[in-house]
Amino acid sequence: MKRWLLLQIGRAGLAAWATASLVFILSRLLAAGAEEALLGEAPDLQTRTVASSPVARQALQQRLGLDEPVFYVTRTSRDPAAWRWHGPHNQYHRWLAGLLRGQLGWSYRTGQPIGPQLRAAFAYTLPLAVLAAAGATVAALGLGLALASGGPASGGWRAALHLALTSLQGIPVYALALGLLFVFANPDALNLLPAYSLGANPADLTPAAYALQLIMPVLTLVLAVLPELALPLAAALRHELRADYATTARAKGVPAARLLRHHALPNALLPLLTSFANLLPTLLAGTVLVESVFSLPGMGRLLAEAAAAHDYPVVVAGVLVTAGVRLLCLALADVLYALADPRIRLAL
Amino acid sequence: MTFTSRPRPAALRRLAIGWLVMVGAAGLLAPWLPLPFAVGVPDLLHLAEPPAWTTAPRHWLGTDLFGRDVLTELLFGARQVVVLSLPATALAALAGALAGGSAGFWGNRGCRLPLAAWLLGLAGAWWLAVLPGGGHAAAGLLGAAALAGWAAPRLPWVSRAQWPLPLDSLFQAAITLLGAVPRLVLVLTLAAGPPLPMGQLLLLLGAVAWPEPARQVRAQMLQVRTLPFVEAARAVGLSPTQVWLRHALPHACRPLRAVVPLSLAGLIGLETTLAFLGVGRPPDVASWGQLLGMVRQEPSAWWLVASAGGALLLTLLALQQVARSNR
């Protein structure tokens with residue numbers, strides 16, 4: 001078991017490294033305009049004129065580490081195209097060596113180390129994602145049980161609920177967030193909730209204001225992931241209720257509610273463990289939009305803004321963290337599978 | 001499912017297809033429609049005004065924050081669906097069918113390539129990557145490939161030199177790698193920066209969308225390849241490629257009828273999301289996402305929510321309905 005777990009984590013790490021490396025190299029190949037963009041953002045005209053001189057450009061390239069080749073080998077694009085070996089003096093090697101020492105690099109825009117920046121953003125996003133995950137799990141269990149309890153031919157509110165959930169399924173997260181914003185934080189409609197974050201630092205807010213500010217983002221995320229949890233759960237429950245053991249239990253006189261909760265639910269949950277474990281990474285992706293719409297200073301907004309500003313070191317670090325979380329959650333799902341169902345053998 | 005079959009699926013399906021045809025026609029014909037206002041041209045006297053049906057400048061659906069006519073923007077937003085999301089979906093479905101179909105049909109052992117094919121592939125890669133030696137080495141490899149091809153029917157040890165191409169493992173690795181990062185984050189990372197040309201954006205959207213159809217086709221192919229008619233086609237003496245392309249693949253593509261509308265819905269969502277974030281396309285290209293995003297600055301603009309949100313919602317619901325009735 002321990003060996004299998006280590007293997008699983010190793011595999012997850014390997015995949016995260018491969019993805020981040022791929023993004024690193026692709027983004028550096030696309031980053032040709034990065035220093036131009038930075039020069040363009042110079043605050044006043046004088047700096048800009050000074051900075052656009054070739055010397056300043058070279059200094060800037062040196063500061064950003066862009067004067068070195070991207071990878072161990074590069075291909076010269078000039079007419080006799082050939083491969084050149086650069087040894088360890090290249091951007092990728094520096095990045096990887098820094099990564100192994102826990103140093104994620106420096107932001108192009110601010111010149112600050114990325115680690116603390118990412119940690120602060122993550123500390124803001126994590127409560128959001130965990131709250132949303134908990135809310136979505138509870139709501140999905142409740143709705144799934146409610147949908148399945150009526151039997152296949154029941155109509156009325158269950159049909160309406162089913163229809164609402166299926167309609168919700170394909171709606172993009174930003175549209176959901178805007179819809180909530182339009183209804184609940186609109187001076188012309190219901191002006192119940194604050195639309196935008198009041199202060200950048202959650203520590204400055206009173207707990208009540210903080211909670212009030214979190215309602216809409218969490219609700220958006222819950223609504224975004226609810227259909228893909230509740231609908232398969234309801235289908236699996238209905239499938240289990242048709243099985244022979246359910247018939248036997250009914251013949252023994254087990255009440256319907258007890259049959260649903262104690263007999264069908266554990267069996268129906270098993271195939272859905274993966275989707276529940278995948279909840280956190282999906283929510284992390286959802287925060288990119290939710291935090292942009294509601295102006296929250298979290299991980300998703302950091303990533304979106306860094307991408308828009310060509311701040312590639314921050315983007316690569318964000319991708320690495322996201323990929324790592326996702327792959328760890330998948331490994332966790334496998335472990336939970338094995339714990340929940342002793343019939344499943346862990347394949348080495 | 002019984003819930004979904006109750007309100008007469010045939011009528012719903014017709015309604016859904018009707019709406020989709022309307023969106024498609026609007027997108028195709030938008031530049032040639034006799035619209036009262038040109039696209040992207042602001043009416044500076046009427047910024048963010050609700051629909052005006054009786055007073056002089058008849059903005060049927062109102063104007064947006066910059067004074068552009070919402071009806072015109074909406075029709076040109078449908079154009080994004082037709083020229084970007086639809087081709088990207090087609091690309092993803094094609095790539096998914098070919099990749100998933102071959103991975104499912106041949107697996108890891110089934111596709112045994114002779115020495116000549118490996119040498120040919122190596123020569124091509126050598127030439128494309130301009131490895132040391134360049135053209136000469138590639139020509140030498142090409143000659144070796146020709147020699148191997150010539151010798152294979154004559155010398156038994158050459159014809160025995162075959163190695164399987166691990167198609168299924170390659171397929172799974174590609175899907176795992178793409179799946180490690182959420183789709184939106186990946187697109188955001190690669191599309192951020194200067195606006196991409198149409199072709200590159202299309203390729204990018206296709207590249208993130210192909211795993212889902214591919215997975216479905218592969219799963220279906222694993223069942224189809226054991227069916228008697230495939231075995232019969234093999235027994236008749238058709239080559240494996242012919243059996244795959246003519247007989248197995250058309251059946252394995254059956255799940256695509258339900259998957260492709262959902263993929264299209266996903267890509268429309270992704271495209272409008274990018275437009276909302278202002279990533280990937282120039283800001284003057286009309287899109288439903290951009291139109292909808294203006295609600296943040298002007299929360300009282302109900303006509304923006306009703307028109308852009310309504311069009312998006314109806315399109316996505318129609319695609320879901322089509323997918324459900326094709327299942």
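Residue numbering restarts at 1 for every chain, and letters A, B, ... go by the order of the sequence lines.
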Problem set entry | More than 12 heavy atoms of other groups within 6.0 Å of B:Trp19 CH2 |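 Yes, because the 6.0 Å sphere around CH2 of B:Trp19 holds more than 12 heavy atoms from other groups.
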Measuring heavy-atom distances to chain A, does [X] have an atom under 4.5 Å in its side chain, in its backbone, in both, or in neither?
X        : result
B:Leu317 : side chain
B:Leu277 : side chain
B:Leu262 : neither

Problem set entry | Option in B:Thr272, B:Leu312, B:Thr176 with maximal non-hydrogen atom pairs under 4.5 Å from chain A | B:Thr272
Exercise. Can you tell which of B:Leu313, B:Val181, B:Leu270 has the highest number of heavy-atom pairs within less than 4.5 Å of chain A?
Worked result: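 Among the listed options, the one with the most contacts to chain A is B:Val181.
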For this session: Check whether A:Leu284 gets within reach of chain B through its side chain, its backbone, both or neither, counting any heavy atom under 4.5 Å.
Result: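 Contact with chain B: none, neither part.
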For this session: Among A:Leu289, A:Val325, A:Val316, A:Leu303, single out the residue with the greatest number of heavy-atom pairs under 4.5 Å to chain B.
Result: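 Option with the top pair count is A:Leu289.
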Exercise. Going through the checks in order, is the side-chain contact (heavy atoms from CB on, under 4.5 Å) test met by B:Leu84 and B:Met198?
Worked result: CA-CA 8 Å; B:Leu84 194 60; B:Met198 197 69 169; 3.8 Å; yes
Cut-off 3.5 Å, side chains only: do [X] and [Y] have a donor facing an acceptor?
X        : Y        : result
A:Ser295 : A:Arg301 : no
B:Ser307 : B:Trp303 : no
B:Thr273 : B:Glu271 : no

For this session: Start with the C-alpha gap between A:Val321 and A:Phe122, add the side-chain angles, then the distance that decides, and say whether side-chain contact (heavy atoms from CB on, under 4.5 Å) holds.
Result: CA-CA 10 Å; A:Val321 171; A:Phe122 203 68; 4.1 Å; yes
